[in-house]
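All heavy atoms count here, side chains included; hydrogens, waters and symmetry mates do not. Note that this is a predicted model, so its numbers are computed, not measured. First the proteins, then the strands, lettered A, B, ... as listed; each starts at 1.
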2 protein chains.
Amino acid sequence: MSGERRTEARILEVASRLFYERGYKATTMRALAKGVGIEASSLYHHFSDKQAILVRICLDGMQGFYQEALERIEGVDDVRERLRALIVWQVVAEARHPYAGRIADEQMHALNPKSRKQLIALREDFEALIDDLLGEGQTQGIWHLSHPRVIRLGLIGMCKVEHWYDKKGALTAEQIGEIYATFILQALAYSR
Amino acid sequence: MSGERRTEARILEVASRLFYERGYKATTMRALAKGVGIEASSLYHHFSDKQAILVRICLDGMQGFYQEALERIEGVDDVRERLRALIVWQVVAEARHPYAGRIADEQMHALNPKSRKQLIALREDFEALIDDLLGEGQTQGIWHLSHPRVIRLGLIGMCKVEHWYDKKGALTAEQIGEIYATFILQALAYSR
DNA sequence: GAGCTAGGCTAACAAACGTTAGTTTGCGTG
DNA sequence: CACGCAAACTAACGTTTGTTAGCCTAGCTC
């Protein structure tokens, strides 16, 4: 049985789901262990403590999200297409790594200060990506926003589909992302 | 000192803030009591148990929100203006009753099944309001949406400003709501 | 085959938790 | 003034929680 090298991955998987469904504090180590199929004390062979599990989920998730965001706009020249790519990616990312995004949002208070700072920094990096993009469009005369930051916050809020997105629904995450991207670009095109 | 008839209101106030900041489970009755300025056991003179406090916050908040939503569109004829009113109200409501909206979203898992059902029903009533509105605009030929439900979900997500709205910021909640309403109506006008 | 390690187990601890019991205090009313 | 009640208190309860200690076993290495 010890050939199963996946225990750590399974812990992260189950923990993500439970932290998402019940919250960090309300998820007990015993419940987590039961979900994985081992005893609570065995969790400590893979993680130093409960906090370390949360840190891994939040930081690894956010790091990967930001990294792929960069990759997806690399080499794309048109401002509109870069923005479209980022919007689609936000939606797709939530579908691909379910729970991680919302945990990072909602369980941030449960993180130790150091990790929380890192997480906030990563999020701000991503936000800066969008702010820059909105600024570029502005200087290029593609749109005219009097409150770009408020719009940016709205865009990000719009893309938080995790709490209703259904894998078995009629639309894929890509399709939903495209719908939002088109919607947003339409509004931007006629902004003043 | 018993002339202070506000203890119950203060409990709800402090509990809202703590449930929002730390989550329901992570908020202890002792911490709540300390915030109010009484002992933990004294909380049980005002509420039967911890759960009852959460129920009050979620259900009363949602009930009030839905009620005023109805009032705000009553007598408004133009579809676009009704939608604008609902969008502004969503933003304003979060600023007026801080925490309540996000608690209802995030701590729903901590609610007993019965109250959870009631809360979901209220939320669905509100969502139906927007769906109807979007449908009306469609039949009147004001916009053409191929996926109105997805758009509705996006609109609601956009209005969740509670986690960044700043009372002392440059913009009032009304102003932010107007910005979003204008943005959304612009996108709708050119949708196909 | 001896010995090490990874990864599981059982049992237990100390702290923290929601809640209850019983008491005290001060105000308003008959 | 006696009484009832609202609202606070102190003290304690039983449970749950994160975590630790110590033991066992299978598989790999020398």
What pairs of donor and acceptor atoms, side-chain ones from residues 134-143 of chain A against any protein atom, are under 3.5 angstrom apart with sequence neighbours left out?
from, atom 1, to, atom 2, distance (Å)
A:E136, OE1, A:R82, NH2, 2.9
A:E136, OE2, A:R82, NH2, 2.7
A:Q138, OE1, A:L145, N, 3.0
A:Q138, NE2, A:L145, O, 2.8
A:T139, OG1, A:G135, O, 3.2
A:T139, OG1, A:E136, O, 2.8
A:W143, NE1, A:L134, O, 3.0

Give me the residues of residues 107-117 of chain B where at least one heavy atom lies under 4.0 Å from an atom of DNA chain C, by number, or none.
none
For residues B:F126 and B:F65, establish whether the separation of their ring centroids is below 6.0 Å.
yes
Please write out which residues are connected to B:Y190 in a hydrophobic cluster, directly or through intermediates, given that two of Ile, Leu, Val, Met, Phe, Trp, Tyr count as joined at side-chain heavy-atom separations below 4.5 angstrom.
A:Y190
Sequence neighbours left out, what passes side-chain hydrogen bond (donor to acceptor under 3.5 Å, both in side chains) with B:R56? Give chain and number order.
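side-chain hydrogen bond (donor to acceptor under 3.5 Å, both in side chains) check on B:R56 returns B:E8, B:D60.
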For B:R96, what residues pass the side-chain hydrogen bond (donor to acceptor under 3.5 Å, both in side chains) criterion, not counting sequence neighbours?
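For B:R96 the side-chain hydrogen bond (donor to acceptor under 3.5 Å, both in side chains) partners, ignoring immediate neighbours, are B:E68.
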N/O-N/O pairs, protein side and nucleotides 17-20 of chain D side, under 3.5 Å:
from, atom 1, to, atom 2, distance (Å)
D:dG18, OP1, A:T27, O, 3.3
D:dG18, OP1, A:K50, NZ, 2.7
D:dG18, OP2, A:M29, N, 2.8
D:dG18, N7, A:R30, NH1, 2.9
D:dG18, O6, A:R30, NH2, 3.1
D:dT19, OP2, A:Y44, OH, 2.9
D:dT19, OP2, A:K50, N, 3.0
D:dT19, O5', A:Y44, OH, 3.3

Look at the side-chain N and O atoms of A:S42 and state whether any lies under 4.0 Å from the OP1 or OP2 oxygen of C:dC9.
yes
Is there a side-chain polar atom (N or O) of A:H46 under 4.0 Å from OP1 or OP2 of C:dG8?
yes
Listing request: all salt bridge (Lys or Arg N to Asp or Glu O under 4.0 Å) pairs with a residue in residues 160-177 of chain B, at least two apart in sequence or in separate chains.
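Salt bridge (Lys or Arg N to Asp or Glu O under 4.0 Å) check on residues 160-177 of chain B returns B:D105-B:K160.
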Using the salt bridge (Lys or Arg N to Asp or Glu O under 4.0 Å) rule, collect all pairs that involve residues 11-38 of chain A, keeping only residues at least two apart or in two chains.
A:R17-A:E21
Length of the line joining [X]:[atom1] and [N]:[atom2], which is rounded to integer Å:
X	N	atom1	atom2	result
B:L32	C:dT19	CG	C1'	14 Å
B:F47	D:dA7	CZ	P	12 Å
A:I11	C:dA6	CD1	C1'	13 Å
B:E39	C:dT25	CD	C1'	16 Å

Enumerate donor-acceptor pairs with a distance under 3.5 Å from any side-chain N or O in residues 181-188 of chain B to protein atoms, sequence neighbours excluded.
from, atom 1, to, atom 2, distance (Å)
B:T182, OG1, B:R84, NH1, 3.4
B:T182, OG1, B:E178, O, 2.8

Looking at C:dA6, does its base get a donor-acceptor pair with the side chain of A:H45 below 3.5 Å?
no
